[in-house]
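Some notes on the structure that comes next.
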Amino acid sequence: MFGRIIKPRLFPASVRTVEETKWGYIDEKGKFVLKPTFEDAGEFQQNGLAIVRKGGAGVISQTGKFVVSPKYSSIFPFTEGRAIAMLNEGGSVVINEKGKVLTQRPYSFISPYQGGRAVFQDSKNGTTLYGYLDLNGNVAIPAQYQYAFDMSEGKALVQVKDSLYALLNSTGTQLQTYPYEQMNGLSEGLISFKRTYQDKAGYVDEAGNVVIKPQFGMALPFQGGRAIVNASIDYKNRYGLIDKIGNYLIPPRYNDINQLDGNRAAIGRAINPEQPFVGSTYAIADTLSGQIMTDFQYDAVNNYKGEYSSVTQGLKSFFINKSGRQAKDLPVIDGIGTLSIEGQLVKAFVDQRLSYYDKAGNLVYAQNTVIPVNRNVSIREEKYRPNKDYLVYYPQLQGMKNKEAEKKVNEVLRTQSQVIPVPPDTQLDYNYTGDFSVQFYKKNLLILELNGYNYPFGAAHGMPTQIMVPVDISTGKIYELKDLFKPNSDYVKVLSDLVEKQIQENPDNYFPDSFIGIQPDQPFYVSSDSLFLYFTPYEIAPYAAGFPTFEIPFKEINSIIDKKGAFWRSFH
């Protein structure tokens with residue numbers, strides 16, 4: 001009798017070209033088994049399937065063949081043999097591992113399956129309500145609740161109406177009701193609650209008996225007989241860890257706590273107690289005894305997978321064992337991120353790039369850092385990582401005939417990418433990341449897009465930046481908007497009128513009276529057929545609008561384009 005043939009493990013990996021980044025799958029030696037033909041590629045799951053993107057989101061087997069055609073806007077990972085697929089026209093459906101759609105119709109939201117049920121959202125008379133689907137995609141419990149939590153051990157908590165929650169079984173039978181304004185999901189037989197939103201939180205059992213009296217600002221679900229609570233009475237966090245009768249295993253004095261698998265927790269001490277939102281340094285604790293096993297020395301700690309967790313310390317990422325100490329037989333990787341052991345490889349997603357190493361720390365595969373543009377010129381990706389809160393990838397051209405011009409272009413690219421002096425050991429009050437891509441390339445015109453994101457710690461959101469740099473790779477000339485037009489043409493007025501016309505087609509999308517015309521040096525880029533003018537967030541529209549962009553086909557402005565000029569000829 002023959003044993004089952006075990007297929008070699010495959011790992012997503014990418015190749016970058018001037019047109020795009022393509023994804024495929026490599027083996028444990030770093031060789032492509034499935035060629036890089038996908039726009040994106042996820043991990044192969046336990047069922048031997050992987051979610052990829054090729055025009056749309058689909059699912060492939062390990063042979064690279066589609067078992068679910070790439071026609072969805074996105075697909076969530078499989079749970080309990082089912083995946084939630086989002087349609088391009090809106091709404092979600094349930095599919096099985098062969099791609100068959102199980103739901104009778106799309107719903108506005110479906111959560112991944114848990115306990116044989118998936119929470120779904122439906123609208124009735126303009127009101128959003130929640131219910132549960134069974135594994136066949138049929139309605140097991142109709143949408144009739146204000147909110148619904150995931151099913152756990154055949155039971156789930158739902159909010160029936162304001163100040164009334166209920167516990168259901170998997171068929172929808174009501175087992176118990178609770179007269180509280182706020183509750184959290186059932187976990188290990190207990191539910192956290194607040195009588196009113198202003199009150200402290202405690203825990204009740206399934207019968208509604210108060211087991212742990214209200215005393216916490218926040219009370220999270222139980223995990224392994226332990227729950228994280230916050231006893232803070234002001235803006236300073238006081239996180240602790242309690243058992244199921246409310247006794248503290250870890251006293252409430254920490255900036256944050258993350259429960260990890262394997263009876264471990266990462267306990268955070270504030271970097272700056274007066275500004276707790278800046279973050280923490282972490283120690284490892286045993287959740288059974290409450291013993292703190294290490295110093296507060298890690299900047300980030302990830303969940304344990306088996307015997308190991310990955311951590312970051314300064315500008316390094318490495319593994320720790322269950323005692324919280326560095327695993328000496330596994331590699332230390334330069335950069336900040338997460339590591340995991342995948343078969344014979346160490347998968348490293350550090351400094352926003354994916355790579356693979358063997359267990360001795362030798363590089364097996366990483367995305368190329370040199371991107372060919374033509375036979376002579378290429379883009380070299382450089383990394384600037386002076387500080388744990390500052391990371392920039394920026395482009396540098398190489399291979400231009402005019403070395404002086406190349407040097408000047410590269411200096412502009414460095415400066416515009418925010419490669420600025422940053423003290424290595426100083427705690428910043430913000431986080432900055434920058435990266436780049438090729439927006440357009442044709443003939444001698446290369447337009448590089450430089451993106452940045454500045455997030456001040458404690459803010460509701462950060463501020464993105466987008467800078468386009470149109471470079472003539474034969475001369476090193478960096479073009480401006482005026483270079484596209486005849487010298488005496490009133491291009492500012494012509495373009496302003498066209499933008500104004502587009503704004504008036506959808507005036508509700510913009511701030512009233514905010515547009516007063518474009519600037520002579522308005523941010524722009526081009527394609528083969530059109531000019532694109534764009535604005536920064538908040539400039540003429542709300543933050544959610546991103547960078548409002550207006551396409552102006554060249555045929556609409558043909559009369560003022562300087563077709564004998566260097567800019568036009570660089571890509572025609």
Side-chain angles (χ1 to χ4, degrees), residues 109 111 119 121 126-131 143-152 155-168 174-223 225-259 265 267-270 272-280 456-461 543:
F109 166 82
S111 73
V119 175
Q121 187 186 83
T127 303
T128 298
L129 297 171
Y130 294 84
Q144 56 191 306
Y145 302 109
Q146 284 189 10
Y147 194 76
F149 292 87
D150 286 329
M151 196 70 64
S152 171
K155 298 172 187 172
L157 183 74
V158 296
Q159 184 175 8
V160 181
K161 60 182 182 179
D162 289 351
S163 301
L164 183 63
Y165 286 78
L167 189 67
L168 310 179
Q174 206 163 278
L175 306 175
Q176 186 61 260
T177 59
Y178 313 96
Y180 303 123
E181 281 193 8
Q182 187 177 17
M183 299 190 83
N184 212 326
L186 174 70
S187 62
E188 300 181 4
L190 297 178
I191 309 166
S192 75
F193 77 99
K194 288 184 176 183
R195 292 185 192 281
T196 72
Y197 290 113
Q198 286 73 39
D199 285 333
K200 295 289 187 182
Y203 293 86
V204 294
D205 62 18
E206 292 179 19
N209 303 309
V210 175
V211 176
I212 302 172
K213 72 178 195 310
Q215 57 191 291
F216 312 113
M218 185 185 75
L220 295 181
F222 274 86
Q223 177 186 330
R226 305 289 184 260
I228 297 166
V229 294
N230 189 353
S232 176
I233 54 173
D234 56 20
Y235 70 93
K236 295 180 183 177
N237 294 320
R238 289 177 56 208
Y239 282 96
L241 195 72
I242 59 169
D243 64 17
K244 294 183 84 169
I245 57 173
N247 294 324
Y248 279 106
L249 279 299
I250 295 173
R253 61 170 73 130
Y254 298 101
N255 195 43
D256 60 320
I257 298 179
N258 299 311
Q259 262 191 283
I267 303 173
R269 195 163 64 188
N272 180 351
E274 295 306 312
Q275 295 181 309
F277 50 80
V278 168
S280 305
F457 293 127
H461 59 73
Y543 180 83

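We use all heavy atoms of the structure for the numbers below, so side chains are in, but hydrogens, waters and symmetry mates are not.
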* **Separation between CG of Asn209 and CD of Glu206, rounded to the nearest 0.5 Å** => 11.0 Å

* Structure fact -> Closest non-hydrogen atoms of Gln121 and Thr128, given as atom of the first, atom of the second and distance, are CG-CG2, 3.2 Å

* Does Lys213 offer a backbone N or O that forms a donor-acceptor pair with the side chain of Gln215 under 3.5 Å? -> yes

* Please test Met183 against Tyr178 for side-chain contact (heavy atoms from CB on, under 4.5 Å), starting from the C-alpha separation and ending with a verdict. => CA-CA 9 Å; Met183 299 190 83; Tyr178 313 96; 3.5 Å; yes

* Asked: Given Asp199 and Tyr180, is the side-chain contact (heavy atoms from CB on, under 4.5 Å) satisfied, shown in steps?
  -> CA-CA 10 Å; Asp199 285 333; Tyr180 303 123; over 6 Å; no

* So Thr127 and Gln146, side-chain contact (heavy atoms from CB on, under 4.5 Å) or not? Walk me through it. -> CA-CA 9 Å; Thr127 303; Gln146 284 189 10; over 6 Å; no

* Asn237 side, atom CG; Asn255 side, atom CG - distance, nearest 0.5 Å -> 5.0 Å

* Flag side-chain contact, heavy atom, 4.5 Å: Ser111 against Asp150 -> yes

* To do: Classify the angle between the aromatic ring planes of Phe149 and Tyr147 as parallel (below 30°), tilted (30 to 60°) or perpendicular (above 60°).
  => perpendicular

* **Pairwise distance CZ(Arg269) to CZ(Arg253) - rounded to 0.5 angstrom** => 11.0 Å

* Asked: So do the side chains of Tyr543 and His461 get within less than 4.5 Å of each other, counting heavy atoms only?
  -> yes

* To do: With the side chain counted from C-beta on, respond yes when Leu168 and Gln174 share a heavy-atom pair under 4.5 Å apart, and no when they do not.
  => yes

* May I ask you to decide if Leu175's main-chain N or O and Lys155's side chain share a donor-acceptor pair within less than 3.5 Å? => no

* Of the non-hydrogen atoms in Leu167 and Leu186, which two are nearest, and what is the gap between them? -> CD1-CD2, 4.0 Å

* Contact summary for Pro214 and Phe193, nearest pair of heavy atoms -> CG-CZ, 3.6 Å

* Asked: Gln182 and Tyr165: which non-hydrogen atoms are nearest, and at how many Å?
  -> CA-OH, 3.7 Å

* How many angstroms lie between atom CG of Leu190 and atom OH of Tyr203, to the nearest 0.5 angstrom? -> 8.0 Å

* Arg226 CZ to Ile242 CD1 distance, which is reported to the nearest 0.5 Å -> 10.0 Å

* To do: Ignoring hydrogens and angles, tell me if any N or O in the side chain of Lys200 forms a donor-acceptor pair with the backbone of Arg195 under 3.5 Å.
  => no

* Do Ile228 and Tyr239 touch side chain to side chain, with heavy atoms closer than 4.5 Å? -> yes

* To do: With rounding to the nearest 0.5 Å, note down the distance linking CD in Gln259 to CD1 in Ile267.
  => 10.5 Å

* At their closest point, which heavy atom of Ala219 faces which heavy atom of Ser192, and how far apart are they? -> O-OG, 3.2 Å

* **Smallest separation among heavy atoms of Ser280 and Gly268, with atom names** => CB-CA, 3.7 Å

